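Shown next, in structure tokens, is the structure this report addresses.
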Amino acid sequence: MKSIKQILNSSEYNKQISVNGWVRTKRMSKNVAFITLNDGSTINNIQIVVDADKIDFAILDKIHTGAALKITGELIKSQGKNQNVEISASKIHIYGEANPDEYPLQPKKHSLEFLREIAHLRFRTNLFGAITRIRHAMIFAVHDYFNKNGFYNIHTPIITGSDAEGAGEMFRVTTLPPKDAPVTEDGNTDFSKDFFGKETNLTVSGQLEAELAALALSKVYTFGPTFRAENSNTSRHLAEFWMIEPEIAFADINDDMNLAEGLLKYCVKYALDNCNDDLQFLTKRLINEEKNKPQNERSELNLIEKLEFILKNNFERLTYTEAIDILKNSKQNKKKKFKFPINEWGADLQSEHERYLVEKHFKKPVILTDYPKEIKAFYMKQNDDGKTVRAMDILFPGIGEIVGGSQREENYDKLYSRIKELNIPEKDMWWYLETRKFGTVPHAGFGLGFERLMLFVTGMTNIRDVIPFPRTPKNSEF
RNA sequence: UCCUCUUUAGCUCAGUUGGUUAGAGCACCUGACUGUUAAUCAGGGUGUCCCAGGUUCAAGUCCUGGAAGAGGAGCCA
């Protein structure tokens, strides 16, 4: 059976065809009724024409928004204005009814908050259909980009026995009973009795394992779920999210930046080339949303224009030190408009500073490099100045940090002393250190939050709306 | 975790200074209508006013505590 997407593009008129789908709306008059059907293959619907002289209208009493139907009939050119083709039904089969007293979706605008509460049904809306199709396209584009560039995908472990990544609070994985768990002599939980014989957690990053593979296969990437037990209540954080983490050997931070910029542009181009209908829909949606805003708060570019803008412009690259200078000398800072004024080198940049650089100063994506080592992770390559590390963060308009990466410290002694300085347990890191002992090589990598990429491509503003079933503090429904 | 705001019908929301029977649009039901486009027109009333206390003759409205949601911040991707 053909999908609605295929039927809408076909011109096989006056032939019997069948189509499956769910009812979006039903419109009735005395002698003719119209059913708008969607099967998720495209954002576009097919109109079913029901003539009273061909179909017993009694069946229409059972058909409401949400019902699943099989329609058999003829594909004809439409007399109406909003569609080229439609199906004149000769037979209607109801797979499943949707009781209108109970079915929560109506042919009207629902709030995103309400749709989150019915995440099992929100796929059936135009908006979540579009987002879901784009999400698929972006997953495919990521793999496509790496595959075309000679990368190997590796699966890094979901359950990890090391807690050295330091990327955030972890979720414990255990089979010990919640009550009366075995206890050691000093009163702590005795993890030697646990399934793995030690304390284990869900991974917060596949980076360290990806590095191991890169130091043999040269170019690798992971694309898997990541878990952070941070009590983050924002529109940009999830407790369970998907992360893309490439690692490249024989490479420095510039190769790393080129790779990241190349990947982001490839994904954006892929969306523009392959998701046109859905992007058109999202673009119109955002324009409608902004009609309620005063003129000066509306965005200069619409969604599709924003995506095209990314392709046409190089990301602005500058060091943390240069960024501090710009911020320090900005009118914003001098007029004390920043909540956190920039006074001295070494401070971590706040969201307001990142937004200023991206949205006000450069008005395009920015890559910041060479951060103070104190505010960055232990594995980042130390610069000769003794103060900074070869880190790079990509900041996107409206989203903030979308990529965080670095050249890795490949020198055993420097890495070892940093681990000691930060009191990271050596017993957890022996395998990581060994790669610097045997055939070490300059290498680099980054992490790209997949849902943050989705935010940018879809123009959505809440990360809970670009993943089917968001996991956030106090919410693990579905 | 912190700050701010919100919570009234299935959904989106209004509800004045504390006052009598709790309001609208949409959805739904009934009817009308020769092809509609979130159809239109006429009629029909949905309710634990988030929860628990308190003030008061009287609380949807005021106070205290709690919960959930949203926006912002921190943490980060």
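As the structure is a computational prediction, the values presented were derived from the model and not from experiment.
- Taking atom CG of A:D61 as the reference point, atom P of B:C28 lies 13 Å away to the nearest angstrom.
- Atoms CZ and CD1, on A:F57 and A:I63 in that order, are 10.5 Å from each other to the nearest 0.5 Å.
- Distances were taken from every side-chain heavy atom of A:S232 (C-beta onward) to each of B:G35, B:A77, B:C75; the shortest belongs to B:C75.
- Within 4.0 Å of A:G80, counting heavy atoms only, lies at least one base atom of the nucleic acid.
- Distance A:H237 NE2 to B:G74 P: 9 Å, rounded to the nearest Å.
- One can place CG of A:L115 at 9 Å from P of B:U12, the figure rounded to the nearest angstrom.
- When the P atom is used for both B:G69 and B:C76, the distance is 24 Å, rounded to whole Å.
- The side chain of A:T25 lies closest to B:A38 when the candidates are B:G71, B:A38, B:U12.
- The CD atom of A:E230 sits 17 Å away from the P atom of B:A73 (whole-angstrom rounding).
- Residue-level contact check: A:K474 touches the backbone only, with heavy atoms under 4.0 Å from sugar-phosphate atoms and none from bases.
- Close to B:G71, at under 4.0 Å from its OP1 or OP2, lies a side-chain N or O of A:N462.
- Taking atom P in both B:U30 and B:C62, the straight-line distance is 42 Å, to the nearest Å.
- For the pair A:K265 and A:F315, the cation-pi criterion (under 6.0 Å, within 45° of the ring axis) is fulfilled.
- Comparing atom distances between the A:K108 side chain and each of B:G71, B:G35, B:C11 picks out B:C11 as nearest.
- Spacing of C1' atoms, B:U36 relative to B:A22, comes out at 37 Å, to the nearest Å.
- Within 4.0 Å (heavy atoms only), A:R24 reaches no atom of the nucleic acid at all.
- Between A:R317 and A:E261, at least one side-chain nitrogen of the basic residue sits less than 4.0 Å from a carboxylate oxygen of the acidic one, meeting the salt-bridge criterion.
- You won't find any donor-acceptor pair under 3.5 Å spanning the side chain of A:H110 and the base of B:C11, going by distance alone.
- Per the stacking criterion (ring centres < 5.5 Å, plane angle < 30°), A:F450 does not stack onto the base of B:A77.
- Base contact: A:S29 has a heavy atom under 4.0 Å from a base atom.
- The phosphate of B:G74 (OP1 or OP2) has no side-chain N or O of A:T234 nearer than 4.0 angstrom.
- Base-pair partner of B:A67: B:U7 (Watson-Crick or G-U wobble, both distances under 3.5 Å).
- Distance, A:N231 CG to B:C76 C1': 14 Å, rounded to whole Å.
- Annotation: B:C11 and B:G47 have their P atoms spaced 13 Å apart (nearest Å).
- Residue A:Q83 is in base contact, counting any heavy-atom pair closer than 4.0 Å across all strands shown.
- When the side-chain nitrogen and oxygen atoms of A:K30 are compared with OP1 and OP2 of B:C33, one or more of them lie within a distance under 4.0 Å.
- One can find a donor-acceptor pair under 3.5 Å joining the base of B:G35 and the side-chain atoms of A:E86.
- Salt-bridge annotation for A:E374 and A:K387: absent, with no side-chain N of the basic residue lying under 4.0 Å from a carboxylate O of the acidic one.
- For the C1' atoms, the distance from B:G15 to B:A9 is 14 Å, rounded to whole Å.
- Which of B:G35, B:G69, B:C76 sits closest to the side chain of A:D348 comes down to B:C76.
- Residue A:D101 is in sugar-phosphate contact alone, with no base atom involved, counting any heavy-atom pair closer than 4.0 Å across all strands shown.
- Nucleotide B:A73 forms a Watson-Crick or G-U wobble pair with B:U1, both donor-acceptor distances falling under 3.5 Å.
- Salt-bridge check for A:R418 with A:E421: passed, with a basic side-chain N closer than 4.0 Å to an acidic carboxylate O.
- Distances shown here put a side-chain N or O of A:H64 below 4.0 Å from the OP1 or OP2 atom of B:C29.
- A salt bridge links A:K376 to A:D393: one of the charged nitrogens lies within less than 4.0 Å of a carboxylate oxygen.
- Between A:Q350 and B:G74 there is a side-chain polar atom (N or O) within less than 4.0 angstrom of OP1 or OP2.
- Among the protein residues, A:F114 comes within range of the sugar-phosphate backbone only, with heavy atoms under 4.0 Å from sugar or phosphate atoms but none that close to a base.
- A:F146 and A:Y266 have their aromatic ring centers separated by at least 6.0 angstrom.
- Scanning atom types as modelled, one donor and one acceptor separated by under 3.5 angstrom connect the side chain of A:Q106 and the base of B:G10.
- Within the nucleic acid shown, A:S235 comes within 4.0 Å of sugar-phosphate atoms alone, with no base atom in reach, counting heavy atoms only.
- To the nearest 0.5 Å, atom CZ of residue A:R236 and atom CZ of residue A:R464 are 11.0 Å apart.
- The side chain of A:R452 has B:A77 as its nearest neighbour among B:U12, B:A77, B:C29.
- Across all strands, A:L238 comes closer than 4.0 Å to base atoms (heavy-atom distances).
- The side chain of A:R355 places no N or O atom within less than 4.0 Å of a non-bridging phosphate oxygen (OP1 or OP2) of B:G72.
- Note on A:E113: only backbone sugar-phosphate atoms sit closer than 4.0 angstrom, heavy atoms only; bases stay farther off.
- One N or O donor and one acceptor, one from the side chain of A:N233 and one from the base of B:U1, sit under 3.5 Å apart.
- No more than 12 heavy atoms of other residues, nucleotides or ligands sit less than 6.0 Å from atom NE2 of A:H155.
- Separating the C1' atom of B:G23 from that of B:A14 is a span of 7 Å, rounded to the nearest Å.
- Residue-level contact check: A:P104 touches neither bases nor backbone, having no heavy atom under 4.0 Å from any strand.
- Taking side-chain N and O atoms only, A:R27 has no distance below 4.0 Å to OP1 or OP2 of B:C33.
- The distance between atom CZ of A:R228 and atom C1' of B:A77, rounded to the nearest whole Å, is 6 Å.
- Distances shorter than 4.0 Å separate some side-chain N or O of A:R236 from OP1 or OP2 on B:A73.
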